[in-house]
Amino acid sequence: MMQEIATLPEISRRTLLQGSAALVFSLAVTAQGVVHAQEAQKYGADSMPGGTVDDPLVFVSIAADGTVTIIAHRAEMGTGVRTSLPMVVADELEARWDKVKIVQAQANEARYGNQNVDGSRSVRHFFGPMRRVGAAARQMLEAAAAARWGVPVAQVKAVQHEVIHPASGKRLGYGELAADAAKQPVPKGDALRLKKSAEFRYIGKGKIAVADLEDIGRGKAVYGQDKHLPGMVFAVVARPAVLGGKLRSYQKDKALAVPGVKTLVEIPVYKKAPGFQPLGGVAVVARNTWAAMKGREALVLDWDDGLNASYDSAEYRKVLEKSANSPGKIMRSNGDLDAAVKQAGGKSMVKADYYVPHLAHASMEPPTATALLAADKSHCEVWTSVQDAETAKKMVAGVLGLTPDKVTLNVLLLGGAFGRKSKPDFAVEAALIAKTMPGTPVKVVWTRDDDIQHDFFHAVAADHLEAALDAKGMPQTWLHRSAAPTISSLFQEGAKGQSSMEMGMGAINMPYQIPNVRIETGEEEAHTRIGWFRAVYNIPHAFAAQSFIAELAHRAGKDHKQYALELIGPPRKLNPEKDLSDSWNYTESPTLYPYDTGRLRAVIEAATRGARWGRKLPKGHGLGLAFCYSFMSYSAVVVEAAVDDKGNVKVIAVDTALDCGPQINPERIRSQLEGGVIMGMSLAMSSEITFAKGRVQQSNFHDYEVLRHADQPQTIRTHLVGGGMDVPLGGVGEPPLPAVAPALANAIFAATGKRVRSLPIRQVI
């Protein structure tokens, strides 16, 4: 996302890995095309740096004992992708899962294809390539067996780790065929035979456990914080409290006097736009983390806070709300909204304002990285937990004055991420410190306070909506103004207003049958680092639009569900670009990925059916509905909430439905739905980052609150909709989140008659 595309070197299609005698079969690598200005528009995986690789020679190797090693080239942060993609390979390969070993790839997009785990696209982009990898390897094994037996290849068949010849009863194990199979040509195009859906053993079954589950449960899994090397030193960094703050001076004597502290390293502040660069400051390097932390406490620092020293959340909210209530940059316009509003008159108008604060990612494992620069400074090795390994590798190389091929970046398990760990500033910090002590491994540790206070925060947003209703209570106009700082501010100084990408997340691409539509964005500057967060701008846009639809239904005196279905209209497929003015469409083809209102209707029906919509509820209880299209998937949520006489909110049950197209690993889909509900409840009920004098006011989980066990829903029911192979794949990680907060807000209104238009809710007064 928002990264320059590098030219990749050509690599031979038939390059073979040379391994030990036991590892006799290595199946391929190709570098697919790179986007150039003169080329035709590319979509999806083809538009990403590195594209995709679908030859087997790099992804699969088979040892003489039959062990199949499959390379996982995407980072694992809790989505299960380190299981799901190798599972796809194993299924097409006809490999026995108990004989499969999974190995995490190092950063190398030229070899493996794109490795940036953002945008809910790992399975979406690599399901097809991984199927082809497995199928090609299977056919190479079959060809090797046929050649050995002197029979036509059509007479042999791979079945569960063996190739058999039914006519003679002969059979050979994969390990026995590995060396011969490596000499076979890689089948491509029409020669490649993929399984039919009915032949799948693992895909779509939901019976394969997470590959790392036992190690995680036993504490054996290796996350970034777990990496230890002989002679390692530990560092924490004193960073400026205000974005852009510069260090005037510091007194180091007291810090150096702390037992265990070895040295101090000054880290320069970033230049121009922050990007993914470190914020600057002073690193305290010590024999252990505790000594480093105590040394940081002893530092006496004098900061120039700079231009963002006056940033105040309460004042900025006023700025955003004024912007959202004023004409902005038009991002979509259909019909003649002004004339329709004038004709309708004031009595038919409904207006509402909504607010979502800054949010922190707050993943369970704070950022960390270990770097070892060779004593001769010729090479650097890094061990870290990052979503975008290639960018981290290139940035480390840049600050060390090395070419990227001189940096080895090992991707460890991520203890959560949600978009934070695609920005590798922490890996760059480790490299900068290691640069001052070649030959010594350096681990940079971020504390929870560091993580909360120096995050790439989710954008604060104010949204204003207006609609003129006809005699039946249906909107004839729809005005949505959204004011929020833009992620573009990371890369461009002074960038203002949401881009078409950001507004394409639930604002521009609304599919409702309304003749007069205008979507606008305000243009306000950012005063802190703004980064993508799980579901990104779908969060404020969905909170506003889905709450507003509930308000319109109430104004019309209609059932919310029926009103929503009437607003959406009959099933139809809309071209995002032509029909919805959405030129971005999550980078996917507008013809391959139309906005299918029939699928949206289906998830609404599934969620409401699961919640038994329309049933009689106890006093103080209410049902709330919300729905969203995001990352090529359709989701709907129904919340049952109870509010007591003191205004305390308790979530009784949540029904969450998702249509993500083909369901490759249903168990993981359900897990993501459940996790999305919990995270959605957190941001709805309690999570908030505020600023005063440019400084984050929260520091840990005592004041940046995430959902406690006692507050979680008593019941979460998941409903998977669709699942056929007749539509393309959608995303899974992010789509479960956006509809949760508005569904809860709508449930609270149903229970109390009180509207919630600002997050977090905490308590209904």
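It should be emphasised that the depicted structure is a prediction, and the values quoted were computed from it without experimental measurement.
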Review point. Can you find a pair of side-chain heavy atoms, one from R121 and one from F126, that are under 4.5 Å apart?
Key: no
Review point. At their closest point, which heavy atom of Y634 faces which heavy atom of V603, and how far apart are they?
Key: O-CG1, 3.5 Å
Point to revise | Ion pair E214/K220, N-O distance below 4.0 Å | key: no
Practice item. Decide yes or no on side-chain hydrogen bond (donor to acceptor under 3.5 Å, both in side chains) for E674 and T718, but give the supporting numbers first. Key: CA-CA 7 Å; E674 293 165 352; T718 59; 4.9 Å; no
Check your understanding: Hey, are D425 and Q277 close enough side-chain-wise for a donor-acceptor pair under 3.5 Å?
Key -> no
Check your understanding: Under the 3.5 angstrom rule, does the side chain of Q453 hit a backbone N or O of A241 as a donor-acceptor pair?
Key -> no
Check your understanding: Are the charged groups of K421 and E365 less than 4.0 angstrom apart, N to O?
Key -> yes
Exercise for review: Taking R124 for its side chain and G119 for its backbone only, find out whether a donor-acceptor pair lies under 3.5 Å.
Suggested key: yes
Review point. Does a donor on one side chain sit under 3.5 Å from an acceptor on the other, for Q698 and D703?
Key: no
Exercise for review: Using distance alone, with no hydrogens and no angle criterion, decide if Q106 and T408 have a side-chain donor and acceptor under 3.5 Å apart.
Suggested key: no
Check your understanding: Looking just at side-chain N and O atoms, do H541 and Q498 make a donor-acceptor pair shorter than 3.5 Å?
Key -> yes
Exercise for review: Find out whether M87 and W97 are in side-chain contact, i.e. whether some heavy atom of one side chain is under 4.5 Å from a heavy atom of the other.
Suggested key: yes
Check your understanding: Donor-acceptor pair, N538 side chain versus A535 backbone, under 3.5 Å?
Key -> yes
Practice item. Just say parallel, tilted or perpendicular for the rings of F691 and Y311, cut-offs at 30° and 60°. Key: tilted
Point to revise | Polar contact flag, side-chain donor to acceptor under 3.5 angstrom, R82-Q104 | key: yes
Point to revise | Considering all heavy atoms, the nearest P357-S687 contact | key: CG-O, 4.0 Å
Revision key, fill the gap. Shortest non-hydrogen pair, N114 vs P49, comes out as ND2-O, 2.8 Å
Review point. Does NZ or CZ of R420 come closer than 6.0 Å to the centre of the six-membered ring of W446, within 45° of the ring's axis?
Key: yes
Review point. At their closest point, which heavy atom of Y112 faces which heavy atom of H73, and how far apart are they?
Key: O-CD2, 3.5 Å
Exercise for review: Return yes if some donor-acceptor pair links the side-chain N/O of Y593 with the main-chain N/O of L729 below 3.5 Å, else return no.
Suggested key: yes
Point to revise | L737 and L683, any side-chain heavy atoms less than 4.5 Å apart | key: yes
**Study point:** Closest contact, heavy atoms only, E429 versus V444
**Key:** OE1-CG1, 3.7 Å
Practice item. Give a yes or no answer on whether the side chain of S122 reaches the backbone of V81 with a donor-acceptor pair at less than 3.5 Å. Key: no
Point to revise | D54 side chain reached by F59 side chain, heavy atoms, under 4.5 Å | key: no
**Study point:** Residues in side chain to side chain donor-acceptor pair (under 3.5 Å) contact with D449, at least two apart in sequence or another chain
**Key:** N700
Check your understanding: Distance-only, no hydrogens or angles: does the Q672 side chain make a donor-acceptor pair with backbone N or O of I669 under 3.5 Å?
Key -> no
Check your understanding: Below 4.5 Å, heavy atoms only, C-beta onward: do T384 and T368 meet side chain to side chain?
Key -> no
Point to revise | Carboxylate-amine/guanidinium contact R448 D451, below 4.0 Å | key: yes
Review point. Can you tell if the side chain of K101 reaches within under 4.5 Å of the side chain of I70, non-hydrogen atoms only?
Key: no
Study note, to complete from the structure: CD1 (I452) and CZ (F701) are apart, to the nearest 0.5 Å, by 5.5 Å
Point to revise | Option passing side-chain hydrogen bond (donor to acceptor under 3.5 Å, both in side chains) with S120 (candidates R534, E734, H125) | key: E734
Review point. Just checking, is any N or O donor in the side chain of D388 or S422 under 3.5 Å from an acceptor N or O on the other one?
Key: no
Check your understanding: Any side-chain heavy atom of P366 within less than 4.5 Å of one from D450?
Key -> no
Revision key, fill the gap. Residues P485 and I530: closest non-hydrogen pair is CG-CD1, 3.9 Å
Check your understanding: How are the rings of F276 and W532 set relative to one another: parallel (under 30°), tilted (30 to 60°) or perpendicular (over 60°)?
Key -> perpendicular
Review point. Is E390 close to L409 at the side-chain level, that is, under 4.5 Å between some pair of heavy atoms?
Key: no
Review point. Is a side-chain donor or acceptor of Q387 paired with a backbone partner of V117 at a separation under 3.5 angstrom?
Key: yes
